[in-house]
Structures are given as C-alpha cells and as structure tokens.
Colleague: 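Input: one structure, supplied below.
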2 protein chains.
Amino acid sequence: MSATNTNVPDPILATDDECPVREILDRVGDKWSVLIVCLLGRRVHRFSELHRGIDGISQRMLTLTLRALVRDGLVDRTVHAAVPPRVDYELTELGRTLLVPLSALDQWATAHRSDIQAARERYDNA
Amino acid sequence: MSATNTNVPDPILATDDECPVREILDRVGDKWSVLIVCLLGRRVHRFSELHRGIDGISQRMLTLTLRALVRDGLVDRTVHAAVPPRVDYELTELGRTLLVPLSALDQWATAHRSDIQAARERYDNA
DNA sequence: CAGCATCCGTGGAGATACTG
DNA sequence: CAGTATCTCCACGGATGCTG
C-alpha cells in the first residue's frame, strides 16, 4: 500500500486515545490563531496593528485568541507604561519553533491548492 | 528579531487576504479529518473499522467527514458489490502527501506538549 | 489605545431512529 | 454493513457599547 509511484514516505502518526496532532489543532486550528502567529512571525505587532492586519477579525476575537496564545506560551505580551497605552505582542521562542511545521503545511497548501480545487469540481459534477 | 539563541529559521508565511495555511485548516482543522487521515495513513480501512478506530465519533460525523475528504480528493472510496455491503476507504496519492506536513506538526506537538502544559499552568497561577 | 461586558445568531456536532 | 434523516444543543464568533 506504500508502493506508489512517488518517493513520498508514509509517516506513521499516533492515533490512539489522544493524538498529538489533534491536540495542537484544538488550540491552533481555530479561525484566527494561525493568522496571528503568521503575522507575529514577521515582526512584533501591537494590538491595533494586528487588528488592522487581520482582515475581518473582531476586537473581541483578537483579544480572546491572543490571550489563549499567551496562555499556551506561544506569544509574549508586554505592556508599555505610557499614555496612550501600548501593548506589544511577539512570538516566544516556542512560538517561533511552531512556524516551522506551519510553513510545511503552508507549502503543501500552496502546492496542492489547485489539486483540491480540481477534485472538488470533479466531485460536484456528479 | 530573528537573532535568537536557536538555529530555528523564521519562515515567512503569506498572511494576505487568503493565507494558504488557513485554507487547509478550514478543511482539515476540524475535529475528525486529521484522525481519519492518520488512520488511513496506516492502511485501508472500511467504514466500520474507522468507526471503531476513532473514539467518540458518531456515524453521522464519520460519514460527513469522509465525504468531505473524498470530495477534496484526499481519500478514495471503493464500494465492493457484496452482501453484506463493504466500502473501503484509503488515502489518494494527494492524501498521502499530506501526511508529510502533518507528521511535522505531529513531531512538533509531541516535542512541545509539555512546554505548553507548563506555560498554561504558569499562566493559570496568576 | 487596548481592551471588557453583554446580547445574540449560526452551524458544527451529538443522539436517536430508520433503510437498502 | 454502511449509511440517511431529524431533532436538538451549545460553543464559536459577530456586533455593539462602555472604560482605565
């Protein structure tokens, strides 16, 4: 079953009671987390920058998602005592390591976007 | 900002209007898709095998998720004319390539599971 | 500026029962 | 066995208004 015409390996992923992949997807597979991580992967952002940078996100969801990311140790939040207030968000070391597997997914998505699109159209015409 | 004490690169992910990563997460970041893909990554499964193999999934969600995976060209469905009926599901070539970035995520999750756990406890005690 | 509080609509997902 | 068909519920997320 692994004998195909490609040289793509067949990684074995744990699927028992709690699959590690699903664990992170539960915390990063939501609507906004990855977008935020991507933006912060480029540089430090303050709250309003993220709000403007992520199209369609509400203030509420930005707040909630950031809080979750901070809680999980993926993002650092630093409040600058100043008037007006200024809060900076940046990836932690841990968050930066997450960029690696994410970019792998990104490359896959970019490479096979059209394949999926084609498969879907094929399916829908039936 | 990329100058840290690790040798982890800083991949730049597209975050514009439609980020490719988010696109697949929309289709594979749901509750069951990845689990199914993981199982099928090991070998062909029939419907009832998947149902038993994935703890907690309902017949309904298994059906719906499989249909979506088939539609996107990640899974092949073959009906064997027999009594009782028998339907086999297996990864397509495209689906098998997806295992690669998924296993990257899996490795990250496995490696940093405890880090996240620790960060969360630290956060909650405050 | 950077949030928090509140209300509310939607659809993702579970439970159950039925069928080719 | 491998699904469909309904009903239902709740959590995700949007909109709006208010504060240190």
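Numbered from 1 within each chain, the chains take letters A, B, ... in sequence-line order. Note that this is a predicted model, so its numbers are computed, not measured. Quick note: numbers below take in every heavy atom, side chains included, and nothing from hydrogens, waters or symmetry partners.
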Colleague: Rounded to whole angstrom units, what separation is found between the CG atom of B:L50 and the P atom of D:dG3?
Modeller: 10 Å

Colleague: Charged N to carboxylate O under 4.0 angstrom, A:R22 versus A:D26?
Modeller: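 Counted as a salt bridge, because a side-chain N and a carboxylate O are separated by less than 4.0 Å.
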
Colleague: What integer distance in Å separates A:L64:CG from D:dG13:C1'?
Modeller: 9 Å

Colleague: Going by an N to O cut-off under 4.0 Å, is there a salt bridge joining A:E93 and A:R96?
Modeller: yes

Colleague: Write down the distance between CZ (A:R77) and P (C:dC4), rounded to a whole number of angstrom.
Modeller: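 Computing the A:R77:CZ to C:dC4:P distance gives 7 Å.
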
Colleague: As a test of reading the structure: which of C:dG3, C:dA2, D:dA2 is closest to the side chain of B:P85, going by heavy atoms?
Modeller: D:dA2

Colleague: Identify whether any heavy atom of A:R46 sits under 4.0 Å from a base atom; if not, whether one sits that close to sugar-phosphate; answer base, sugar-phosphate or nothing.
Modeller: sugar-phosphate

Colleague: In plain terms, say whether B:R86 and B:D88 are close enough for a salt bridge, that is, a side-chain N and a carboxylate O under 4.0 Å apart.
Modeller: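 Judged by the 4.0 Å cut-off on N to carboxylate O distance, B:R86 and B:D88 do form a salt bridge.
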
Colleague: A:W32 CH2 to D:dG13 P: how many Å, rounded?
Modeller: 8 Å

Colleague: Considering only D:dT6, C:dA2, D:dA2, which nucleotide approaches the side chain of B:V87 most closely?
Modeller: D:dA2

Colleague: Measure OH/B:Y89 against P/D:dC1 and give the value in whole Å, please.
Modeller: 14 Å

Colleague: Over how many whole Å does the gap from A:H45 atom NE2 to C:dC1 atom C1' extend?
Modeller: 16 Å

Colleague: Using only atom types and a distance under 3.5 Å, with no angle test, would you say the side chain of A:T92 pairs donor to acceptor with the backbone of A:L74?
Modeller: yes

